[in-house]
Amino acid sequence: MHSSIAVPGKDIVFTDFEGEGMIVDLNTKQYFKLNESAALIWRNLERAKSIDEIVAELQSQYEVTREHATSSIQRLLEKLAANNLVQTN
C-alpha cells in the first residue's frame, strides 16, 4: 500500500454538510466549503488512504478517467496546502 499523500492539520475540523463538506481552521477561524468530490477526497485523507486508493474511489463514484481523478486530487491538495489545511508527505 502506498503512503498517504497528505494529512489534515491538527487544528482543522471537517464536517459533512448536505452532501458536501465544510472545513474550519480553528487557528484562523476561516472556513472552506468543499463540493461533493472534494469532500470525498478529504474523508479519504482523514483515513490515511493512498493516492491510488483515492483515485480508484473517485473513478468508481464519478466514472472519470484515472488521469482526471489524479488531476482533481492534485489541484485540491495544492489549494489545501496553500491554506495550511494539510501537511504533505
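The basis for the numbers below is simple: all heavy atoms, side chains too, and nothing from hydrogens, waters or symmetry mates. In what follows, residues are counted from 1 in the order of the sequence shown.
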Please name the pair of heavy atoms, one in Gly21 and one in Ala39, separated by the smallest distance, quoted to 0.1 Å.
-> N-CB, 3.9 Å
Joint hydrophobic cluster, Tyr31 plus Leu34, side-chain heavy atoms closer than 4.5 Å | no
Donor-acceptor contacts, no H, no angles, side chain residues 7-16, under 3.5 Å, sequence neighbours left out:
| unit_1 | atom_1 | unit_2 | atom_2 | d |
| --- | --- | --- | --- | --- |
| Asp11 | OD2 | Asn27 | ND2 | 3.1 |
| Asp16 | OD1 | Arg43 | NH1 | 2.6 |

Side chain Thr70, main chain Arg66, donor-acceptor under 3.5 Å = yes
When rounded to the nearest 0.5 angstrom, what distance separates CE in Met22 from CZ in Phe32?
-> 11.0 Å
Gap between atom CD of Gln61 and atom CD of Glu57 - 0.5 Å precision = 5.5 Å
For Glu20 and Lys33, which heavy atoms make the closest approach, and how far apart are they?
-> OE1-CE, 2.6 Å
Is there a side-chain contact between Val24 and Leu26, using heavy atoms and a 4.5 Å cut-off?
-> yes
Who passes side-chain contact (heavy atoms from CB on, under 4.5 Å) against Tyr62, sequence neighbours left out?
-> Glu36, Ser37, Leu40, Leu58, Val64
Have Glu53 and Asn44 got a donor and an acceptor in their side chains that come within less than 3.5 Å?
-> no
Atom pair OG (Ser72) and CD1 (Ile54), whose distance is rounded to the nearest 0.5 Å | 12.0 Å
Review item, side-chain donor-acceptor pairs of residues 73-84, under 3.5 Å, at least two apart:
| unit_1 | atom_1 | unit_2 | atom_2 | d |
| --- | --- | --- | --- | --- |
| Arg75 | NH1 | Ser71 | OG | 2.7 |
| Asn83 | ND2 | Lys79 | O | 3.0 |

Of all heavy-atom pairs linking Val86 and Trp42, the shortest is CG1-CZ3, 3.6 Å
